Amino acid sequence: MWHFRLWDVQDVAVFLSIALYMCHLAGAISIHSPQKSLTRSVQEDVFFSVDITCDGIPTIQWTFMSGAVSRTIGTWQPGLYTNITVDYSSRVQHYNNGSMGLSDLRLADAGYYQVTVTETAGSSKDAGFVLKVNEVLYEDLQYLSVSALALACLTGLLMLVMWLLDKVYRKIVAWKRRKEMPENDATELQPL
Ligand SMILES: *[C@@H]1O[C@H](CO)[C@@H](O)[C@H](O)[C@H]1NC(C)=O
Ligand SMILES: *[C@@H]1O[C@H](CO)[C@@H](O)[C@H](O)[C@H]1NC(C)=O
């Protein structure tokens, strides 16, 4: 009975240490992100805010996914190196806490963004964000106002041309009349 009990205790101890080890593995990295779903408009900026804690220096990788598309945006290790994909290099800002800023949004930027944090020991954890990108209304408005302005300019130009033509026509008529005048003048002046 005592022997049996001892085994029990040992089993529990082994189980506990395995559980603790697993907990340690899983718990070593933590990714805190206040907002997982964001909506922005075209040409705006977005900031994927995360705060990473882990043992040692983490490797942070951001990946973009949309439908069948999956591409790496960038990978960095704070203080060691930064590798941002060429397509994104002009629009991405990276931060030591894992956060990423993306500026000048396009419609094609809508999708799923995943940050993967890998520890020196090899374990990793990820977190995802959903980004919606709306087409901007003011772009349409801008387009409309530009069209209206162009129309107004064109109308103004047409009116100016018509006014000029009218003036030229009047001048020609006046000139023609003056050309015919001398005889009339002569005949009219004769009696005087
Ligand atoms: C991460 O760092 C950036 C820049 O210092 C900061 O703006 C942001 O709030 C941080 N994110 C979190 C979740 O702490
Ligand atoms: C940078 O990242 C790209 C894409 O993930 C990869 O092909 C390239 O080898 C990396 N360059 C360096 C210097 O790590």
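The structure presented is a predicted model; accordingly, all values stated were derived computationally and were not measured. One-based numbering, in listed order, for ligands and for the atoms of each.
- In terms of the salt bridge (charged side-chain N to carboxylate O under 4.0 Å, His left out) criterion, R71 has no residue partners (sequence neighbours excluded).
- Put simply, the side chain of S33 never gets that close to the backbone of S49: no donor and acceptor are under 3.5 Å apart.
- Through direct or indirect side-chain contacts shorter than 4.5 Å among Ile, Leu, Val, Met, Phe, Trp and Tyr, W175 is connected to no other residue.
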Contact table, ligand 1 N/O with protein N/O, distance under 3.5 Å:
{"unit_1": "ligand 1", "atom_1": "2 (O)", "unit_2": "N97", "atom_2": "OD1", "d": "3.2"}
{"unit_1": "ligand 1", "atom_1": "2 (O)", "unit_2": "N97", "atom_2": "ND2", "d": "2.3"}
{"unit_1": "ligand 1", "atom_1": "11 (N)", "unit_2": "S49", "atom_2": "OG", "d": "2.9"}
{"unit_1": "ligand 1", "atom_1": "11 (N)", "unit_2": "V50", "atom_2": "O", "d": "3.4"}
{"unit_1": "ligand 1", "atom_1": "11 (N)", "unit_2": "N97", "atom_2": "ND2", "d": "3.1"}

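- Although no hydrogens or angles enter the test, the distance criterion places no donor-acceptor pair under 3.5 Å between the side chain of R40 and the main chain of V133.
- Not one N or O on the side chain of W62 forms a donor-acceptor pair closer than 3.5 Å with the backbone of I84.
- Under the ring pair (Phe, Tyr, Trp, His ring centres under 6.0 Å) criterion, Y95 pairs with F47, not counting sequence neighbours.
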